[in-house]
Amino acid sequence: LEWSSSPPVWFQEVRGDTFASQPVEKTTYEVRLINSIGCVAVSNITVIPRNIPVVLASNDTVVCARVAVPLSARGATTYEWVTSGGVQVGTGPMIVVSPTTTTTYIVTGTSQYGCVDTDTVQVSVLPGPALQISGDTVSCNGSPVTLNCTGAPAGTEQSITWLDDSGNTVGTGPTIT
């Protein structure tokens with residue numbers, strides 16, 4: 001077998017009927033075989049190198065547990081999102097995730113020619129406060145009840161808001177009556 005190319009390129013490895021090369025421009029490869037009685041067979045193929053896409057994903061972010069976070073990517077034609085553990089979480093240039101623990105997401109972008117690139121986004125999850133409510137659980141027909149909230153981080157107790165069944169504010173602070 002005799003290999004040649006146009007334009008001429010360096011063949012990295014030739015093993016009989018296969019070879020490896022990395023063309024940087026459109027290249028036509030030709031292989032020629034001359035059998036024992038002098039007959040010639042010729043075949044060729046043209047390879048067109050394509051650029052690898054540059055996939056750019058959202059910036060790393062920090063959120064509270066179960067908060068919806070949009071993640072986006074650009075630079076390719078199609079996208080697949082997985083966690084660092086290999087669990088698929090979506091496809092497309094934008095997904096929304098609501099992690100409960102810090103999670104790294106890997107997006108693989110594929111160009112129209114099948115070339116791929118990846119990027120990662122880490123969503124760090126902060127633990128939320130562990131609030132507990134205590135107080136009277138029985139009210140005798142219109143008698144006042146006192147409720148206490150504990151577990152708020154120091155200095156944030158006054159930002160506690162108490163809501164009724166309809167979502168109306170009925171008090172603020174760690175204790176209401």
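Throughout, numbering of the chain's residues begins at 1 and tracks the sequence. Keep in mind that this is a model prediction, so the values were computed, not measured. As a basis for the values below, the full set of heavy atoms in this structure was taken, side chains included, without hydrogen atoms, waters or symmetry mates.
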Solution key, residues 61-79 side-chain donor-acceptor pairs under 3.5 Å, sequence neighbours excluded:
unit_1 : atom_1 : unit_2 : atom_2 : d
S72    : OG     : S58    : OG     : 3.3
T77    : OG1    : Q112   : N      : 3.2
Y79    : OH     : G75    : N      : 3.1
Y79    : OH     : A76    : N      : 2.8
Y79    : OH     : A76    : O      : 2.9

For residues 39-47, which side-chain N or O atoms pair as donor and acceptor with protein atoms under 3.5 Å away, sequence neighbours left out?
unit_1 : atom_1 : unit_2 : atom_2 : d
T46    : OG1    : T28    : OG1    : 2.9

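I95 contributes atom CD1, which lies 9.5 Å from atom CD of Q88 (distance to the nearest 0.5 angstrom). Note that SG of C149 and CG of L131 are 4.5 Å apart. Values are rounded to the nearest 0.5 Å. To the nearest 0.5 Å, the span separating OG on S124 from CG on L126 amounts to 7.5 Å. Note that CD1 of I133 and CH2 of W162 are 4.5 Å apart. Values are rounded to the nearest 0.5 Å.
Remark: S98 engages no residue in a side-chain hydrogen bond (donor to acceptor under 3.5 Å, both in side chains) (not counting sequence neighbours). Listed by chain and residue number, T175 satisfy the side-chain hydrogen bond (donor to acceptor under 3.5 Å, both in side chains) test with N148 (two or more places apart in sequence, or in another chain). Partners of S111 by side-chain hydrogen bond (donor to acceptor under 3.5 Å, both in side chains), not counting sequence neighbours: none found.
Using a 4.5 Å cut-off on side-chain heavy atoms (C-beta onward), V116 and I52 make no contact. Between W81 and T91, every side-chain heavy-atom pair lies at or beyond the 4.5 Å cut-off. Contact annotation: the side chain of D119 never approaches that of D117 to less than 4.5 Å [non-hydrogen atoms, C-beta and beyond]. Two residues are said to be in side-chain contact when any heavy atoms from C-beta on lie closer than 4.5 Å; T104 and V121 fail this criterion. Counting only heavy atoms from C-beta outward, the side chains of V89 and V82 never approach each other to under 4.5 Å. Put simply, the side chain of T103 does not reach to within 4.5 Å of the side chain of Q122, judged on heavy atoms. The shortest side-chain heavy-atom distance between S84 and Y105 does not fall under the 4.5 Å cut-off.
Alongside V54, the hydrophobic cluster contains L56 (criterion: ILVMFWY side chains under 4.5 Å).
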